[in-house]
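All remarks here apply to the structure that follows.
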Number of protein chains: 2
Amino acid sequence: MPGTLDEADQRLLNELIVTKRRVRRGDYLVRAGDKLEMFFLVKAGVFKSFVVGDAGDTQVTAFPMQGDLIGFDALDTGTHHTSIVALEDGDACAISYSDFERVARSSAAVQRRFMHLMSHELVNEQRMMLLLGTMRGEQRLSRFLIEQSARYLRLGYSPTEFVLRMTREDIGSFLGLKLETVSRLFSRFQQAGLIKIDQRSLKLLDIEALRQLSTQ
Amino acid sequence: MPGTLDEADQRLLNELIVTKRRVRRGDYLVRAGDKLEMFFLVKAGVFKSFVVGDAGDTQVTAFPMQGDLIGFDALDTGTHHTSIVALEDGDACAISYSDFERVARSSAAVQRRFMHLMSHELVNEQRMMLLLGTMRGEQRLSRFLIEQSARYLRLGYSPTEFVLRMTREDIGSFLGLKLETVSRLFSRFQQAGLIKIDQRSLKLLDIEALRQLSTQ
DNA sequence: CGCCAACTTGATGGCTGTCAAGTCAGGTGG
DNA sequence: CCACCTGACTTGACAGCCATCAAGTTGGCG
């Protein structure tokens, strides 16, 4: 969902990369309120980014994974608005913000690429707003599954069989549902023969049906 | 909500402005699917930008008004993903995309400013996701009113008395509610003495109470 | 082996959507 | 200038989806 880089982009950014950071499950890459010092490019593992409202309620905004570049929201004020935590052990490359600024000044390609990535994220968030504002639970969850499938496919993994790295509560927060609703929907999908789910191991049995559900 | 420019920014962009365009209520600045040729800077009037899903349902994503720069979502693919329509007569400055690219290449200030504006929009959309994902009708509408108030204040208008330019349905779509729910909430707010509303003429009688409602 | 977080499933209630009817305001045409 | 018409709005009745509360199960980790 966040800006995703292809290989050419990653080469482009090679000179920006300062440190590779190994993270363990539960480690925070960024906490809301932190000063912008680094962007991060996810190399391995699945993360969760979320915002916290005045009332203390949280909304998961994305599940960044391999190839995703994160931290754009901090460009605005120089302060991060989202927190980013690792859902499993992984790696992330830190890109120094000041390095980025310096390189962007001289490289039109870098600035262009960053703007495109940000624009892409804008579009994604608009799609999320559509989901949250107009769809019902069934559609939301089926869209989520299809999207996860597409992401794993793009990374060269099986699009029909993968392990969810987030809890039901995380999924619920992402989709604007409660964890019980997510659990019930999974059960219903399984009963309908659309998926096979055991804890977090997931098989998509009928993607076409899921796709239809998601666009109804 | 979209990237908002202060006066210094606007001077910065002066050389980019190609044409000033007068629009009438109902005119489209942009239709989803259009090629990116122009950004628009709103000079007068209130607009509505929205996305349309596969199922045909629409989600209002913003109500751009004076000082707002719109069209960022098109940088990604070169194609607009949102449609933008005027809710009342107004003016918008068109900024040619190719001009922008040329100027951005030479002016670090311009590119920086654009990135900041996009980042700001990202943060706004994340806040919207929080609203749509976690809040109930009462909170959503009170937040909407407070935000409208703040925007009019920033433009030098009364923050407590203004005219809504959008229909109940538009508000509902923006907030993920149905128009009847919006109407009922307005009535309830009025009965509680928080607002005075007659058609689209609105007075905020107790902003503090509204603020509390929105953060509960 | 035991504990705890994660998950599932059931019962119940409430918020909001849906359907419906009626009012109101503004614009158009006669 | 007025009547009409249409879109916007309000309000009511009802239903359904999802949240909430609760209890029990499972699996992983120390």
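Reminder, nothing fancy here: chain letters follow the sequence lines and each chain counts from 1. Computed from heavy atoms alone, side chains included, the values below leave out hydrogens, waters and symmetry copies. It should be emphasised that the depicted structure is a prediction, and the values quoted were computed from it without experimental measurement.
With no hydrogens or angles considered, no side-chain donor-acceptor pair links B:Ser173 and B:Asp170 at under 3.5 Å.
Contact annotation: A:Arg200 does not reach the phosphate of C:dA6 (side-chain N/O to OP1 or OP2, under 4.0 Å). The side chain of B:Arg184 contributes no N or O atom lying less than 4.0 Å from OP1 or OP2 of D:dT10.
Using a 4.0 Å heavy-atom criterion, one finds that B:Leu177 contacts the sugar-phosphate atoms exclusively. Contact annotation for A:Thr167: backbone-only contact, meaning every heavy-atom pair under 4.0 Å involves sugar-phosphate atoms and none involves a base.
Residues meeting the side chain to side chain donor-acceptor pair (under 3.5 Å) test with B:Glu138, sequence neighbours left out: B:Arg188. With sequence neighbours excluded, no residue forms a side chain to side chain donor-acceptor pair (under 3.5 Å) with B:Asp34. A search for side-chain contact (heavy atoms from CB on, under 4.5 Å) contacts involving B:Glu161 returns B:Ser158, B:Lys203, not counting sequence neighbours.
Of the listed nucleotides (C:dT8, D:dC18, D:dT10), D:dT10 has the atom at the smallest distance from the side chain of B:Arg168. Here the nucleotide nearest the side chain of A:Glu180, chosen from D:dA8, C:dT9, D:dT10, is C:dT9.
Across residues 188-195 of chain A, not one residue has a non-hydrogen atom less than 4.0 Å from an atom of DNA chain C.
Direction change of the helix axis from one end of the helix from C:dC1-D:dG30 to C:dG30-D:dC1 to the other is 40°, with five pairs defining each end axis (rounded to 10°).
Atom CG of B:Asp54 has 12 or fewer heavy atoms from other residues, nucleotides or ligands within 6.0 Å.
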Q: For each nucleotide in nucleotides 25-30 of chain D, reading 5' to 3', give B when a protein heavy atom comes within less than 4.0 Å of its base, S when such contact involves only the sugar-phosphate, and - otherwise.
A: ------
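The nearest whole Å value for the distance from the CZ atom in B:Arg136 to the C1' atom in D:dC17 is 14 Å.
Sequence order on DNA chain D of the closest nucleotides to A:Gly137 and B:Phe186 puts B:Phe186 first from the 5' end. Nearer the 5' end of DNA chain C, as judged by each residue's closest nucleotide, is the contact made by A:Val182, out of A:Val182 and B:Arg140.
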